[in-house]
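We use all heavy atoms of the structure for the numbers below, so side chains are in, but hydrogens, waters and symmetry mates are not. Counting starts at 1 for both ligands and their atoms, in listed order.
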Amino acid sequence: MPSFASLTALVAAVGLVAASPVSLEKRKAFTVEQVEKGKFIRNGAASVASTYLKYGKAVPANIAAAAAAQGSVAASPSDEYDSSYLCPVDVGGTTMELDFDTGSADLWVFSSLQPSSQTAGHAVYQASSSKVKSGYTWKISYGDGSGAAGKVYADKVVVGGVTATSQAVEAATSISTQFQQDTNNDGLLGLSFSSINTVKPKAQTTFFDTVKSTLAKPLFGVDLKYHAAGTYDFGFIDTSKFSGAVTYVDVDSSQGFWGFTASGYIVGNGTQSSTSIDAIADTGTTLLYIPLAAVKAYYKEVSGAKLDSTQGGYTFPCSATLPDWTAIIGGTKHTIPGKYINYAPISDGSSTCFGGIQDDSDIGQSIFGDIFLKSQYVVFNGASTPKLGFAQQ
Ligand SMILES: Cc1noc(C)c1CN(C)Cc1cc2n(n1)CCN(c1cc(N)ncn1)C2
């Protein structure tokens, strides 16, 4: 049973690959940028593709694909409570089920460097000395007290057909008990800003930052679902996955997170509170953590709800009718259906359930984790001025 004070979530999938053909319109004018000798063209395929276009020729599919990469990988709950979502990723030729986490910046995996007692039942990255980044180490700790540490390799990583040819792969030598007990999870793929990557002596880029310049658009779309498989879309926005418009808001990346502000909230069909909430969009956190006053306002509407210190948060009868919860983001309403806010029974077979909305007081910031994110299609736009976009699913 998941520990209820813990904060986690992730994604597992079957990859679909899509490559958007480079526009075939005939170019009238063409500029050749002179590249200093010895400097790599940022995207050779894009350069070749534009030459084809210049002379009105069709761009071969392989060049078009490489020129503007995009792809999707599905995201499946790790258990019946959506505690984590896991995605299949090709790491150096081994398919591993990874936790895509917009709240951290390390890509780390279960590896052959660990005691075999820790890796039984897991996919394992074969650490090869020919790929080691000599002298590089990493060590990460998460909000729930879990963590891992190890050595660093450079290897090919493929996510839904999008390839990082030389990605920093952080091979574990040790992992905390939470990960030892989580038999579904083979590691994490961080999608926060690379500024908080833990590798020493030199921080490494996330998978997204590594491939960003090759993507058709410098963004990824996140479509987590309630008790069902969703997707991560890299390089494009899948408009079939949401209704209405995407509302974009500014991002505060100063702490390395996808930080944003909700200007208010609504419990059920009640009046709108104009309490603003500074939060991060964090797929690696299971629940929704908001200020205590907002938590109390929510559970005031739930019969039998109480703060249970032995469980580490608010609980209620599993039969309770739960009101929706709405965040006002960028002036528009983004609503979690009430049933999403029933996270799980406090223990197997119990008729008492643990709430999906909890107090952020011990964390120091509000966290919009999967309980909220699964109600939206979320665009993480990594342009020079990053933006977050939210659209109701
Ligand atoms: C399965 C399962 N069920 O409930 C949990 C928890 C798990 C996951 N499992 C126990 C192991 C685990 C622990 C963590 N994760 N996975 C993911 C990263 N963690 C984060 C990420 C982040 N952005 N913020 C805070 N922590 C902590």
statement: Counting from 1 in the order shown, the ligand 1 atoms closer than 4.0 Å to a non-hydrogen atom of S84 are 1 (C), 2 (C), 7 (C), 8 (C)

- prompt: Cationic tip of K133 within the cone over Y136's six-membered ring, i.e. under 6.0 Å and within 45° of the normal?
  reply: yes

message: Quick check: do W138 and K200 have side-chain heavy atoms less than 4.5 Å from each other?
response: no

query: With respect to atom 8 (C) of ligand 1, which of D182, T285, L191 exhibits the smallest heavy-atom separation?
result: D182

- request: Number the atoms of ligand 1 from 1 as they appear, then name those within less than 4.0 Å of a heavy atom of D282, with their elements.
  value: 22 (C), 23 (N), 24 (N)

message: Evaluate D101 for polar contact with ligand 1, using N/O atom pairs at a separation under 3.5 Å.
response: yes

query: Among F234, F207, F100, which residue meets the ring pair (Phe, Tyr, Trp, His ring centres under 6.0 Å) test with F220?
result: F234

- prompt: Can K225 and D82 be counted as an ion pair, charged N to O under 4.0 angstrom?
  reply: no

query: Can you say whether the rings of Y125 and Y153 are parallel (under 30°), tilted (30 to 60°) or perpendicular (over 60°)?
result: perpendicular

- prompt: Touching ligand 1 at all, S104? Heavy atoms, strictly under 4.0 Å?
  reply: no

field: Sub-4.0 Å atoms of ligand 1 with respect to non-hydrogen atoms of S146
entry: 13 (C), 14 (C), 27 (C)

- prompt: Among T198, L188, V109, I140, which residue meets the side-chain contact (heavy atoms from CB on, under 4.5 Å) test with E170?
  reply: T198

Q178: numbered ligand 1 atoms lying under 4.0 Å from its heavy atoms: 10 (C), 11 (C)

- prompt: Do V124 and L107 belong together in a cluster built from hydrophobic side chains that touch within less than 4.5 Å?
  reply: no

field: D106 backbone acceptor or donor facing S104 side chain under 3.5 Å
entry: no

field: ligand 1 N/O within reach of Y142 N/O, cut-off under 3.5 Å
entry: no

query: Taking heavy atoms and a distance under 4.0 Å, where does I367 meet ligand 1: side chain, backbone, both or neither?
result: neither

field: Atoms of ligand 1 close to D144 [distance to a heavy atom under 4.0 angstrom, numbered from 1]
entry: 13 (C), 14 (C), 27 (C)

- prompt: With atoms numbered from 1 as shown, which atoms in ligand 1 lie under 4.0 angstrom from a non-hydrogen atom of L188?
  reply: 17 (C), 18 (C)

